[in-house]
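All remarks here apply to the structure that follows.
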Amino acid sequence: MDYSVSKDGDNTEVRISGRLTFAEHTQCRSIASELKDSESKKQVVDLKEVEFIDSAGLGLLLLLRDNAEKKGVQMSLRIPGDGQVKRMLEIARFQELIPIEA
């Protein structure tokens with residue numbers, strides 16, 4: 001997994017690429033740490049370049065959401081238009097847990 005964090009005013013965007021599984025939990029905690037120090041009001045996690053996500057990866061996204069909620073920050077996901085990641089998020093009904101952007 002690779003990621004980048006960019007900030008633009010009150011918005012922070014996290015772009016993740018590669019695989020999002022338990023093996024990436026250390027990097028996800030690094031993302032959470034970076035976002036914790038951010039003063040943004042809105043966070044977008046862009047998953048369009050993620051090739052594969054498993055249930056542990058979904059849990060990592062929930063960890064990011066929980067951290068955002070504690071700070072009163074609105075978090076949303078940007079997901080691919082098709083593929084395994086989209087199917088996994090749909091099966092898990094993630095749109096009910098984290099808003100999904102078009």
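Computed over heavy atoms, backbone and side chain alike; hydrogens, waters and symmetry mates excluded.
Between the side chains of Ser30 and Gln27, no donor-acceptor pair of N or O atoms lies under 3.5 Å.
Other residues, nucleotides and ligands contribute more than 12 heavy atoms inside 6.0 Å of the NZ atom of Lys7. Within a 6.0 Å sphere centred on NZ of Lys71, other residues, nucleotides and ligands contribute more than 12 heavy atoms.
A pairwise comparison of heavy atoms in Met75 and Ile98 identifies O-CG2, 3.8 Å as the closest pair.
A donor-acceptor pair is defined here as one N or O able to donate and one able to accept, closer than 3.5 Å; such a pair exists between the side chain of Lys86 and the backbone of Gly81. Between the side chain of Glu24 and the backbone N or O of Thr21, at least one donor-acceptor pair lies under 3.5 Å.
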Original post:
Between Val14 and Leu64, does a side-chain contact (heavy atoms from CB on, under 4.5 Å) hold up when you go through it step by step?
Top reply: CA-CA 11 Å; Val14 179; Leu64 295 177; 5.9 Å; no
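Side-chain contact check for Met1 versus Cys28: some heavy-atom pair is nearer than 4.5 Å. Residues Val44 and Asn11 have side chains not in contact (no heavy-atom distance under 4.5 Å, counting atoms from C-beta outward). The shortest side-chain heavy-atom distance between Tyr3 and Glu34 falls under the 4.5 Å cut-off.
How far CD of Gln74 is from OG of Ser40: 10.5 Å, rounded to the nearest 0.5 Å. The CD atom of Gln43 sits 11.0 Å away from atom CG of Leu77, with the distance rounded to the nearest 0.5 Å. Considering CD of Gln95 and CG of Leu89, their distance stands at 8.5 Å, rounded to 0.5 Å. Distance CZ/Arg15 to NZ/Lys48: 9.5 Å, rounded to 0.5 Å.
Taken together through direct or relayed side-chain contacts under 4.5 Å among Ile, Leu, Val, Met, Phe, Trp and Tyr, Leu20 and Leu63 form parts of separate hydrophobic clusters. Note on Phe22 and Leu62: separate hydrophobic clusters, where clusters join Ile, Leu, Val, Met, Phe, Trp and Tyr whose side-chain heavy atoms are under 4.5 Å apart, directly or indirectly. No chain of hydrophobic side-chain contacts below 4.5 Å, direct or via other Ile, Leu, Val, Met, Phe, Trp or Tyr residues, connects Val73 to Leu35.
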Show which side-chain atoms of residues 49-61 pair as donor or acceptor with protein atoms under 3.5 Å away, not counting sequence neighbours.
{"residue": "Asp54", "atom": "OD1", "partner": "Ala56", "partner atom": "N", "Å": "3.1"}
{"residue": "Asp54", "atom": "OD1", "partner": "Gly57", "partner atom": "N", "Å": "2.9"}

